[in-house]
Engineer: 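Next up is a structure, given as structure tokens.
Both counts, for ligands and for their atoms, begin at 1 and track the order of listing.
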Amino acid sequence: MNIQYKSTRDDSKLFSASYAIVKGLAEDGGLFMPDQFPSLEMNLDDLAKLDYKGIAYEVMKLFFTDFTEEELKYCIENAYDSKFDTPEIAPLASIEGAYYLELFHGSTIAFKDMALSILPYLMTVSAKKNNINEEIVILTATSGDTGKAALAGFADVPGTRICVFYPKGGVSVIQEKQMVTQVGKNVKVIGIKGNFDDAQTGVKNIFGDKEFNELINAKGFRFSSANSINIGRLIPQVVYYVYSYCTLLKSGKIEEGDPINFVVPTGNFGNILAGFFAQRIGIPVHKLVCASNDNKVLFDFFNTAVYDRNREFILTSSPSMDILISSNLERLIYLSCGQDASKNASLMNDLKTEGKYSLTEDMKKFIDQLFVGGYASTEMVDDRIKEIYDETGYVMDTHTAVASAVYKKYINDTKDDTTSVIVSTASPYKFTRSVLGAIEGKKSEEEDFVLIDRLNAKSKMPIPKAVEEIRNAAVLHDTVCEISEMKSEIGKFLGL
Ligand SMILES: *Cc1c(COP(=O)(O)O)cnc(C)c1O
């Protein structure tokens, strides 16, 4: 099956996977989508005999059909290696009857590593395949974790540069320190005076700015995106859904064909959408539970069929989910209206002009087959972290705790006894202040590394290398700019 890609806003043109990866976002502002869904070629029992890399190949080859076996295996080998602190890559922990899929064993201790450790390889191979000779400039807006994972992935990769924008004051101290200490000859990190949505909109506008793109092309550069809208990030995320199903199968926790639930702490809707793709290619899924924090625009969307971003933006203890425009949701909307690009484009235009749109009844029905929305307040998150720690000794981060709290409420409300996997998206060490505050019942004023050492004593979890590395690292990036200055800062970085 030769999968090709279309924009969610224009279905007249087809593109190869490699072209979609280099491009990031379609010219019309839409997102690339496969023109059809392939199916896993192996049965699940056989797939379960493979390791993470083996499963990664079986999944990615279905979608990246213009890559040769050699090219794809080169990308996979280089991505899922000793950068991860366990050969399992994505281990499952069994805690109080549920399974926690730990996606934080990569180099920056958050789930973004799962895709961003492979994207630079997919991107450089894709550029070669499309005879692109310009230097690729990755522009990224981050709510905290993408930035560092993208920087770590692209630092000193030949033929690339990377520029990351983050909301100054809108990320955790550890997240900021991880970014501003990034080494590499081709990297730039900039704080903006605005929130994540401002950063993301700013980057989208630059991608869509024809004149500026022509200017940088003439100087030998070409923009691309490492944000979760890139199909080169979405597809690698499908792998760990398949892998976790296989892990449960292999250990006899489920039998082939048994449906399972995934509970996913959600922001930009990339992670959970990958779960939907996994279902589409053959993983038996009962429900995909979309867990939101106090910025519960998605919870309201699943309940009312109206997406409405006109609301106060709330800074929570799970900053990587502090988002009011979930970009990847556009892909689900597109599918829910039967891949009708003009219908989707008109809804996205409503979102742009009025800040909201409504689903038709058929679209709502399509989405309700699999998706359920839930949300947890900061207080519920704190209670859940403490409860699980007191009862089991397991420590989870604030984002995972949003999912865990939503899961608890979902089980109480529905009595659903389907095997459930809670997607665990960050190491507790990335959000130590909030996590320790929840466990100790009060926020501490002490310095971050004091808290890290105390969490280590309480949890007996080893301190990850990613945290030790920044303990004494020098700050290398201190640029802060207005939203209106993002373009000129890029100009400076590229020496225009
Ligand atoms: C990015 C992130 C999320 C949200 O994932 P989306 O794909 O944007 O929905 C959740 N938790 C953590 C720790 C993250 O870094």
Engineer: Scan residues 87-106 for pairs that pass salt bridge (Lys or Arg N to Asp or Glu O under 4.0 Å), counting only residues two or more places apart or in two chains.
Structural biologist: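 As it turns out, there is no salt bridge (Lys or Arg N to Asp or Glu O under 4.0 Å) pair with a partner in residues 87-106 once direct neighbours are skipped.
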
Engineer: May I ask you to decide if T316's main-chain N or O and N293's side chain share a donor-acceptor pair within less than 3.5 Å?
Structural biologist: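 Judged by distance alone, no pair lies under 3.5 Å.
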
Engineer: Would you say the ring centers of Y245 and Y241 fall short of 6.0 Å from each other?
Structural biologist: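 No.
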
Engineer: Tabulate below the donor-acceptor pairs under 3.5 Å that side-chain atoms of residues 299-306 make, not counting sequence neighbours, or state none.
Structural biologist:
{"residue": "D300", "atom": "OD1", "partner": "K296", "partner atom": "NZ", "Å": "3.3"}
{"residue": "D300", "atom": "OD2", "partner": "R311", "partner atom": "NH1", "Å": "2.9"}
{"residue": "D300", "atom": "OD2", "partner": "R311", "partner atom": "NH2", "Å": "3.1"}
{"residue": "N303", "atom": "ND2", "partner": "F299", "partner atom": "O", "Å": "2.7"}
{"residue": "T304", "atom": "OG1", "partner": "D300", "partner atom": "O", "Å": "2.6"}
{"residue": "T304", "atom": "OG1", "partner": "V306", "partner atom": "N", "Å": "3.2"}
{"residue": "T304", "atom": "OG1", "partner": "V306", "partner atom": "O", "Å": "3.4"}

Engineer: Using atom types as modelled and distance alone, determine if a side-chain donor or acceptor of S228 lies under 3.5 Å from a backbone N or O of G270.
Structural biologist: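 Between the backbone of G270 and the side chain of S228 there is no qualifying donor-acceptor contact (under 3.5 Å).
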
Engineer: Who passes side-chain hydrogen bond (donor to acceptor under 3.5 Å, both in side chains) against T181, sequence neighbours left out?
Structural biologist: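 With neighbours one apart ignored, the set is empty.
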
Engineer: Under 3.5 Å, N/O to N/O: give me all the pairs between ligand 1 and the protein, one per line with atom names and distance.
Structural biologist:
{"residue": "ligand 1", "atom": "7 (O)", "partner": "G270", "partner atom": "N", "Å": "3.2"}
{"residue": "ligand 1", "atom": "7 (O)", "partner": "N271", "partner atom": "N", "Å": "2.9"}
{"residue": "ligand 1", "atom": "8 (O)", "partner": "N268", "partner atom": "N", "Å": "2.7"}
{"residue": "ligand 1", "atom": "9 (O)", "partner": "G267", "partner atom": "N", "Å": "2.8"}
{"residue": "ligand 1", "atom": "9 (O)", "partner": "N268", "partner atom": "N", "Å": "3.2"}
{"residue": "ligand 1", "atom": "9 (O)", "partner": "F269", "partner atom": "N", "Å": "3.0"}
{"residue": "ligand 1", "atom": "11 (N)", "partner": "T425", "partner atom": "OG1", "Å": "2.8"}
{"residue": "ligand 1", "atom": "15 (O)", "partner": "K112", "partner atom": "NZ", "Å": "2.6"}
{"residue": "ligand 1", "atom": "15 (O)", "partner": "D145", "partner atom": "OD2", "Å": "2.5"}

